[in-house]
Amino acid sequence: MKMHLFAAAALLSISSYLPVQAQQALPPKKETLKTLTLVNRYFMEKWPDAGKDIVLKKTWPSHIWTRAVYYEGLMALHQIDPQQSYYDYAVQWGDKHNWGLRGGITTRNADNQACGQTYIDLYLLDKKQHENRIHDIKASIDTMMHTDVIDDWDWIDAIQMAMPVMARLGKLYNDTAYYHRMYEMYAYTKYKHGTEGLYNPNEHLWWRDKDFVPPYKEPNGGNCYWSRGNGWVLAALLRTMEQLPQSSPYYKIFLQDFKDMSAAILKLQRPDGFWNASLHDPTNFGGKELTGTSLFVYGMAWGVRKGYLDKKTYQPAITKAWNALTKECVHDNGMLGYVQSTGKQPSDGQPVTYDKIPDFEDYGLGCFLLAGTEIYKSR
């Protein structure tokens, strides 16, 4: 008996020196789904009327980009757990807004077009009687394509809000013109906006917009790469590739950018599993932050599942991040903590804390649901 106790103590001692990542494992699929169900229920019960305006310092219609991101997450949850209530809630949202866009069909603003991702997904679930679900989003994108203007996406968030819409239309109508135009717009943002584009090919990360390209620097002298902004791009790349034929010449370009970004992001993970709001300056509003971390988990987990990212390299970081998100951010009632409020840089919406309710709760939940559904699929 003494020998057994000694051996157990020795193993315990050895395990305490193992890397934290090596000791972690993802929760069982049932537990992951339970967590996703909890956080989503919190929101649906808080907002039973999907068309209700969002009233803060000003009044916003509920089909703006923040809510659109939530519904992207809800549709992902519906994919792994096809509850009728999820479908009905999403359809109610579209119906309440007459399947329209803020700004109407003439809008060129990607934030206004983000709702189109879910409109199209809901149409695809029930095509026969619901052509109206995609009329306005198609008209909006088609109006843009009737011009030669390709510089609309002058902030990187726009890539996530609108590029997957165009990819969906290209697939739905078997029309490569949508693919070509979305790539033109992506390339303009990447190579032209700012001074020489918003993408740094040396560090494989994106400046949020022209206000942050050099000579702008963070307090520690590093470039300012906002976590959530880079998360938007990573999400946009995978959500676009999901719709794009692998034979498309643009697929290889998007995939290479996805791989390069993932490698750069991997190196910047905090010891606790999160990523800082400022990726290259942990001293500038450093701390736990859910939205960027969730989007990175979403991207990396998808990349590993698809075989694009090496599992041995990326899985420990994915596991560490997801465990941190579920253990540190989820309240007993389903509210999510450590969500940075809307903005464009690390300093916005600070302080970010466990108990603070951000200005909008919806997009943080959407990011979390996207991450969690990929974790679920990977088990």
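Along the sequence shown, the residues carry numbers beginning at 1.
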Is the ring centre of [X] less than 6.0 Å from the ring centre of [Y]?
| X | Y | answer |
| --- | --- | --- |
| Trp302 | Tyr308 | yes |
| His331 | Tyr354 | yes |
| Tyr70 | Phe43 | yes |
| Tyr179 | Tyr250 | no |

Show, in sequence, the C-alpha distance, side-chain angles and deciding distance for Thr189 and Met185, and conclude whether the side chain to side chain contact (heavy atoms under 4.5 Å, CB included) test is met. CA-CA 6 Å; Thr189 305; Met185 297 180 72; 5.7 Å; no

Sub-3.5 Å donor-acceptor pair from the side chain of Ser248 to the main-chain atoms of Leu244, do we have one?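 Side chain of Ser248 to backbone of Leu244: no pair is present.
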
Quick one: does Glu289's side chain have a donor or acceptor within less than 3.5 Å of a partner on Gly292's backbone?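 Such a contact is found between Glu289 side chain and Gly292 backbone.
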
I'd like to know if [X] and [Y] make a salt bridge, using a cut-off of under 4.0 Å between side-chain N and carboxylate O.
| X | Y | result |
| --- | --- | --- |
| Arg208 | Asp157 | yes |
| Asp211 | Lys344 | yes |
| Asp121 | Arg168 | yes |
| Lys34 | Glu31 | no |
| Lys312 | Asp310 | no |

State the CD1-CH2 distance between Ile159 and Trp206, to the nearest 0.5 angstrom.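 Separation between the atoms: 4.0 Å.
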
Could you give the distance from CG (Leu336) to SG (Cys329), rounded to the nearest 0.5 Å?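 With rounding to 0.5 Å, CG (Leu336) is 7.0 Å from SG (Cys329).
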
Are [X] and [Y] close enough that some pair of their side-chain heavy atoms sits under 4.5 Å apart?
| X | Y | value |
| --- | --- | --- |
| Leu205 | Asn200 | no |
| Val39 | Phe368 | yes |
| Glu72 | Leu369 | no |
| Leu172 | Ile134 | yes |
| Asp136 | Tyr119 | no |
| Asp175 | Leu169 | no |
| Ile141 | Gln113 | yes |

Over 60° means perpendicular and under 30° means parallel, so classify the ring planes of His280 and Tyr225, tilted if in between.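 Rings of Tyr225 and His280: perpendicular, as their planes differ by over 60°.
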
Answer with yes or no whether the side chains of [Y] and [X] bring together a donor and an acceptor at under 3.5 Å.
| X | Y | result |
| --- | --- | --- |
| Thr107 | Asn109 | no |
| Asn40 | Tyr89 | no |
| Ser140 | Arg108 | no |
| Asn220 | Glu218 | no |
| Arg228 | Thr291 | yes |
| Gln246 | Lys252 | no |

Quick check with a 6.0 Å cut-off and a 45 degree axis cone: is Arg67 positioned over the face of Trp47's six-membered ring?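 Yes, a cation-pi geometry holds between Arg67 and Trp47.
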
A cation-pi test, strictly: NZ or CZ of Lys96 under 6.0 Å from the centre of the six-membered ring of Trp93 and no more than 45 degrees from its axis. Yes or no?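 Not flagged: Lys96 not positioned over aromatic ring of Trp93.
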
Tell me, which pairs form a ring pair (Phe, Tyr, Trp, His ring centres under 6.0 Å) where one or both residues lie in residues 123-160, sequence neighbours left out?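 Ring pair (Phe, Tyr, Trp, His ring centres under 6.0 Å) check on residues 123-160 returns no pairs.
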
Trace of the side chain to side chain contact (heavy atoms under 4.5 Å, CB included) decision for Phe285 with Ser278: CA-CA 7 Å; Phe285 299 101; Ser278 179; over 6 Å; no

I would like to know whether Asp257 and Lys190 meet salt bridge (Lys or Arg N to Asp or Glu O under 4.0 Å); could you show each step before the answer? CA-CA 11 Å; Asp257 286 353; Lys190 183 179 178 182; 2.8 Å; yes

Take a 6.0 Å sphere around CD of Glu196 and say whether it holds more than 12 heavy atoms from other residues, nucleotides or ligands.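 No, CD of Glu196 has 12 or fewer neighbouring heavy atoms, counting only those of other groups under 6.0 Å.
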
Verify the neighbour count for atom OH of Tyr191: are there more than 12 heavy atoms of other residues, nucleotides or ligands below 6.0 Å?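 Not more than 12 within 6.0 Å, no.
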
Start with the C-alpha distance between Phe274 and Trp322, add both sets of side-chain angles, then the distance that settles ring pair (Phe, Tyr, Trp, His ring centres under 6.0 Å), and finish with yes or no. CA-CA 9 Å; Phe274 290 88; Trp322 181 248; over 10 Å; no

Side chain to side chain contact (heavy atoms under 4.5 Å, CB included) for His193 and Lys210? Distances and angles first, verdict last. CA-CA 7 Å; His193 274 306; Lys210 65 179 178 59; over 6 Å; no

CA sep, side-chain torsions, deciding dist, call: Asn230, Trp275, side chain to side chain contact (heavy atoms under 4.5 Å, CB included): CA-CA 11 Å; Asn230 278 271; Trp275 277 264; over 6 Å; no

Do Met163 and Leu124 share a hydrophobic cluster, counting only Ile, Leu, Val, Met, Phe, Trp and Tyr and linking them when any side-chain heavy atoms are less than 4.5 Å apart?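 Yes, it is one cluster - the side chains of Met163 and Leu124 are joined through contacts under 4.5 Å.
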
Gln256 vs Asp260, side chain to side chain donor-acceptor pair (under 3.5 Å): CA-CA, chis, key distance, verdict: CA-CA 6 Å; Gln256 190 60 55; Asp260 289 342; 3.0 Å; yes

